[in-house]
Amino acid sequence: DPDRVRPDADQGFVAPRTALEETVAGVWREVLGIERIGIEDDFFGLGGHSLLATRLVSRLRDRLRLPLSAQLVFQAPTIATMTQALEERAAEPDESPEAPALIALPRRTRRAV
């Protein structure tokens with residue numbers, strides 16, 4: 001479908017109600033290429049798959065500044081359940097160790113034998 005509209009556009013549509021739901025819905029629209037997404041729509045039911053889930057989580061991680069994994073999409077495949085999980089995660093103290101900074105090293109050259 002060139003317009004990429006929700007498959008059941010008029011049935012059971014619930015618009016985002018909070019700022020977080022709107023942010024998550026916006027990222028879903030970008031990743032899935034669908035204009036109208038409700039908070040009860042299923043990511044995989046809208047054509048999502050594991051590669052798009054990875055892209056979704058990466059964009060959410062950048063926007064929300066939370067440590068997230070693709071597992072989130074499989075455990076919370078709707079915007080409503082995902083935002084609930086994100087709110088719970090944001091309320092938890094961050095106990096994960098800081099990742100070490102990446103340091104550029106010079107390339108080694110091969111020596112002729």
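Residue Arg89 comes nearest to Pro67 through the heavy atom pair CD-O, 3.6 Å, listed as atom of the first residue, atom of the second, then distance. Closest of all the heavy-atom pairs between Glu30 and Arg63 is OE2-NH2, 2.8 Å. Between Glu87 and Leu20, the shortest heavy-atom contact is CG-CD2, 3.5 Å.
Remark: Ile39 CD1 to Thr18 OG1 distance equals 8.0 Å, nearest 0.5 Å. To the nearest 0.5 Å, the span separating CG on Leu64 from CG on Leu86 amounts to 6.0 Å.
The environment of CZ in Arg59 is crowded: more than 12 heavy-atom neighbours from other residues, nucleotides or ligands sit within 6.0 Å.
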Side-chain donor/acceptor pairs under 3.5 Å, residues 47-54, sequence neighbours excluded:
residue: His49; atom: ND1; partner: Leu51; partner atom: N; Å: 3.3
residue: His49; atom: ND1; partner: Leu52; partner atom: N; Å: 3.4
residue: Thr54; atom: OG1; partner: Ser50; partner atom: O; Å: 3.0

For residues 70-83, which side-chain N or O atoms pair as donor and acceptor with protein atoms under 3.5 Å away, sequence neighbours left out?
residue: Thr78; atom: OG1; partner: Thr81; partner atom: N; Å: 3.1
residue: Thr78; atom: OG1; partner: Thr81; partner atom: OG1; Å: 2.8
residue: Thr81; atom: OG1; partner: Thr78; partner atom: N; Å: 3.2
residue: Thr81; atom: OG1; partner: Thr78; partner atom: O; Å: 3.1
residue: Thr83; atom: OG1; partner: Ile79; partner atom: O; Å: 3.0
residue: Thr83; atom: OG1; partner: Ala80; partner atom: O; Å: 3.1

Inset, instruction - Check the pair Trp28 / Ile34 against side-chain contact (heavy atoms from CB on, under 4.5 Å), numbers first and verdict last. - result: CA-CA 8 Å; Trp28 280 41; Ile34 297 175; over 6 Å; no

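You'll find the side chain of Leu66 stays beyond 4.5 Å of the side chain of Leu60, heavy atoms only.
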